[in-house]
Amino acid sequence: MPQVIPPRPDADDRYFWDGVARGKLLLQRCAACKQLRQPPSPMCPSCSSLDWETQEASGRARVYSWIVSRHPTEADAGPRIVVLLDLAEGVRLVSNLVETPLDAVHHGLEVELTFVDHDGVTLPQFRALAAGGA
Ligand SMILES: [Zn+2]
């Protein structure tokens, strides 16, 4: 069983993990020009403001790209799908796709946020939206 390394939040990403603990996916937003940025950074690349706030993501996204990770230490767990997502809010996020068969993954696949516990470490991950609400 692969061991999940717990996150070690620092000043730049503590808000993210605090949000995860409350069941929210929080994005960093410039407090001056309101531009979202992901991954987080201390300064806004658009207006150079150091002031920032957070915005809760809707949890809706589309698959922009993906890889299948088959690490030897995770052979028993099966392939892990690592996705680069276009969040509905317009920024990209790297995550994992869960509860989704590998042959169902494609560019533009609509996915939704879910929180998954891995040995006591909760991670924001995504799963395919059921087609037609089924
Ligand atoms: Zn800004």
Side-chain angles (χ1 to χ4, degrees):
M1 172 73 76
Q3 186 174 10
V4 175
I5 300 171
R8 296 187 182 127
D10 62 21
D12 289 329
D13 68 352
R14 183 164 288 111
Y15 75 91
F16 181 89
W17 296 108
D18 288 348
V20 169
R22 292 183 286 130
K24 298 174 186 288
L25 177 61
L26 298 180
L27 303 173
Q28 189 184 46
R29 179 175 62 197
C30 175
C33 74
K34 306 301 182 185
Q35 179 173 302
L36 290 169
R37 58 186 193 257
Q38 172 63 33
S41 60
M43 179 184 286
C44 177
S46 292
C47 74
S48 301
S49 173
L50 295 174
D51 297 323
W52 57 270
E53 57 201 11
T54 60
Q55 174 181 323
E56 184 177 359
S58 65
R60 299 293 292 267
R62 287 180 183 271
V63 172
Y64 177 76
S65 189
W66 76 96
I67 64 161
V68 179
S69 168
R70 300 177 196 272
H71 195 277
T73 62
E74 300 177 354
D76 294 341
R80 179 173 47 169
I81 307 170
V82 182
V83 285
L84 178 60
L85 300 171
D86 279 328
L87 298 185
E89 288 75 17
V91 291
R92 289 196 173 139
L93 178 74
V94 175
S95 185
N96 293 131
L97 200 58
V98 297
E99 302 172 32
T100 306
L102 184 55
D103 61 5
V105 183
H106 60 86
H107 295 289
L109 177 68
E110 289 187 87
V111 297
E112 64 179 358
L113 176 67
T114 184
F115 290 90
V116 181
D117 180 275
H118 296 275
D119 299 328
V121 178
T122 300
L123 298 176
Q125 303 195 314
F126 286 79
R127 62 185 170 211
L129 272 178

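If you're wondering where the values come from, they're calculated on a predicted model, not measured in any experiment. Along the sequence shown, residues are numbered consecutively beginning with 1.
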Side-chain contact test, heavy atoms from C-beta onward, threshold under 4.5 Å: evaluate it for Phe115 versus Asp117 and give yes or no.
no

For the residue pair Gln55 and Leu36, establish whether any side-chain heavy-atom pair is separated by less than 4.5 Å.
yes

Check whether Val83 and Leu102 end up in the same hydrophobic cluster, where Ile, Leu, Val, Met, Phe, Trp and Tyr are linked by side-chain heavy atoms less than 4.5 Å apart.
yes

Contacts under 3.5 angstrom, residues 60-67 side chains, donor-acceptor by atom type, not counting sequence neighbours:
unit_1 : atom_1 : unit_2 : atom_2 : d
Arg62  : NH1    : Gly108 : O      : 3.0

Could you give the distance from CG (Leu25) to OG1 (Thr54), rounded to the nearest 0.5 Å?
10.5 Å

Going by the salt bridge (charged side-chain N to carboxylate O under 4.0 Å, His left out) test, which pairs reach into residues 10-31, not counting sequence neighbours?
Lys24-Glu56, Arg29-Glu53

So which atom in Asp86 and which in Arg92 form the shortest heavy-atom distance, rounded to 0.1 Å?
OD1-NE, 2.6 Å

Heavy-atom check, side chain of Pro45 versus side chain of Gln35, under 4.5 Å
yes

Any donor and acceptor pair, going by atom type alone, linking the side chain of Glu89 with main-chain N or O of Ser58 inside 3.5 Å?
yes

Please check this pair: side chain of Ser46 against backbone of Cys44, looking for a donor-acceptor N/O pair closer than 3.5 Å.
no

Can a donor-acceptor pair be found, under 3.5 Å and without considering hydrogens, that links the side chain of Thr100 to the backbone of Ala128?
yes

Examine Val20 and Leu123 and state if one hydrophobic cluster contains both, with Ile, Leu, Val, Met, Phe, Trp and Tyr joined whenever side-chain heavy atoms are less than 4.5 Å apart.
yes

Could you go through the side-chain contact (heavy atoms from CB on, under 4.5 Å) check for Leu97 and Val111 one step at a time?
CA-CA 8 Å; Leu97 200 58; Val111 297; 3.6 Å; yes

Quick note, ring-ring contact (aromatic ring centres under 6.0 Å, His included) partners involving residues 10-58, not counting sequence neighbours, are Tyr15-Trp52

Applying a strict under-4.5 Å side-chain criterion to I, L, V, M, F, W and Y, I'd like to know whether Leu84 and Leu109 cluster together.
no

Do side-chain atoms of Gln28 reach the backbone of Ser41 as a donor and acceptor pair under 3.5 angstrom?
yes

How long is the straight-line distance from CG of Leu26 back to CD of Gln38, given to the nearest 0.5 Å?
10.5 Å

If I take atom CD from residue Glu99 and atom CD from residue Glu112, how far apart are they, to the nearest 0.5 angstrom?
8.5 Å

Atom of Leu50, atom of Pro42 and distance for their closest heavy-atom approach:
CD2-O, 3.5 Å

Any non-hydrogen side-chain atom of Val116 less than 4.5 Å from a side-chain atom of Phe126?
no

Does Leu27 share a hydrophobic cluster with Val94, counting links as ILVMFWY side-chain heavy atoms below 4.5 Å and allowing steps through other members?
no

Test item: Pro124 and Ser95 side chains (from C-beta on) under 4.5 Å apart, heavy atoms
no

Hydrophobic cluster identity match, Leu93 and Val91, side-chain contacts under 4.5 Å:
yes

Any side-chain heavy-atom pair from Val105 and Ile81 closer than 4.5 angstrom?
yes

